[in-house]
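Beneath this line is the structure, given in structure tokens, with notes to follow.
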Amino acid sequence: MTDVALSGLLPERATRVRDLIADVPDFPSPGILFKDITPLLADAEGLADVVEAFTRLALADGVDVVAGMEARGFLLGAPVAHALGLGFLPLRKAGKLPPPTERVSYDLEYGSASIELRSGTLTPGARVLIIDDVLATGGTAAAAAQLIEQCGGVVAGLVFLLELEALHGRGRLEGRNVDTLLRVDTTSGE
């Protein structure tokens with residue numbers, strides 16, 4: 001993994017965050033190297049460092065509310081919203097919220113999916129920071145941005161803990177303010 005500044009964290013703190021992310025080979029299927037953030041979430045100091053880094057990005061982007069994608073985006077986004085004194089919007093998988101909801105459907109490599117936001121929870125014109133754990137192919141992130149805009153919000157930025165550069169997800173978010181804390185070059189094994 002290659003550090004991407006971690007928004008002002010000292011190098012030793014950035015290295016500690018990186019080292020708390022575990023590689024799990026052959027999960028969820030053979031040939032996949034899964035990046036497990038569970039050890040990071042369980043470490044109070046490491047989690048605080050990530051929340052601090054995300055909070056600095058949010059302050060720079062001037063946001064009114066934080067949104068997180070199910071499920072790990074909830075775990076990272078809610079503490080950022082709390083640290084900023086802002087509300088949190090859960091972007092849920094279809095069918096998990098009571099009606100009425102707004103929905104965006106999108107294609108995956110292996111099928112399709114939908115995400116929803118409860119109607120009326122986003123103030124029109126609000127500047128939204130979208131948070132998730134991993135930027136891979138960018139499909140879910142692009143759908144989240146579309147959903148925020150469909151509901152009248154303005155996407156101030158999208159921030160991710162990890163970016164899997166070899167999957168080129170950033171390309172699906174072209175023209176948007178995208179930040180990642182750590183970049184992973186899967187072609188070099190880092």
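- In this structure, the side chains of Pro100 and Arg118 come closer than 4.5 Å at one or more pairs of heavy atoms.
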Atom pairs and distances, donor-acceptor, side-chain atoms in residues 76-97, under 3.5 Å, two or more places apart:
residue, atom, partner, partner atom, Å
Arg92, NE, Glu70, OE1, 2.8
Arg92, NH2, Glu70, OE2, 3.4

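- One hydrophobic cluster holds both Leu129 and Leu59 under the rule that ILVMFWY side chains link at heavy-atom gaps under 4.5 Å.
- Taking every heavy atom of both residues into account, Ala156 and Val63 meet most closely at CB-CG1, 3.7 Å.
- Between the side chain of Asp36 and the main chain of Asp23, no donor-acceptor pair closer than 3.5 Å is present.
- Side-chain contact between Leu181 and Val17 is absent, with no heavy-atom pair separated by less than 4.5 Å.
- To the nearest 0.5 Å, atoms SG (Cys151) and CG (Leu122) are separated by 6.0 Å.
- Within the 4.5 Å cutoff, the side chain of Asp179 has heavy atoms near those of the Asn177 side chain.
- The minimum heavy-atom distance between Ala67 and Val128, with the atom names listed, is CB-CG1, 3.7 Å.
- Under the 4.5 Å side-chain criterion, counting only non-hydrogen atoms from C-beta, Leu161 is in contact with Ile21.
- No donor-acceptor pair closer than 3.5 Å links the side chain of Asp132 to the backbone N or O of Phe160.
- To the nearest 0.5 Å, the span separating CD1 on Ile37 from CG on Leu182 amounts to 11.0 Å.
- By the 4.5 Å heavy-atom criterion applied to side chains, Leu20 and Leu47 are not counted as neighbours.
- Taking all atoms of both residues into account, the shortest heavy-atom contact from Ser112 to Asp107 is CB-OD1, 3.9 Å.
- The minimum heavy-atom distance between Arg127 and Gly62, with the atom names listed, is NE-O, 2.8 Å.
- Environment of CD in Glu12: crowded, with over 12 heavy atoms of neighbouring residues, nucleotides or ligands closer than 6.0 Å.
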Tabulate below the donor-acceptor pairs under 3.5 Å that side-chain atoms of residues 140-150 make, not counting sequence neighbours, or state none.
residue, atom, partner, partner atom, Å
Thr140, OG1, Tyr106, OH, 3.2
Glu149, OE1, Arg176, NH2, 3.0
Glu149, OE2, Arg176, NH1, 2.8
Glu149, OE2, Arg176, NH2, 3.2
Gln150, NE2, Glu102, OE1, 3.3
Gln150, NE2, Arg103, O, 3.3

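- With values rounded to the nearest 0.5 angstrom, Leu41 atom CG is found 5.5 Å from Leu75 atom CG.
- Across all their heavy atoms, Leu135 and Arg170 have their closest contact at CD2-N, 3.9 Å.
- Once rounded to the nearest 0.5 Å, the distance linking NE2 of His168 with CD of Glu163 reads 10.5 Å.
- Residues passing the side chain to side chain donor-acceptor pair (under 3.5 Å) test with Arg172: none are found, sequence neighbours excluded.
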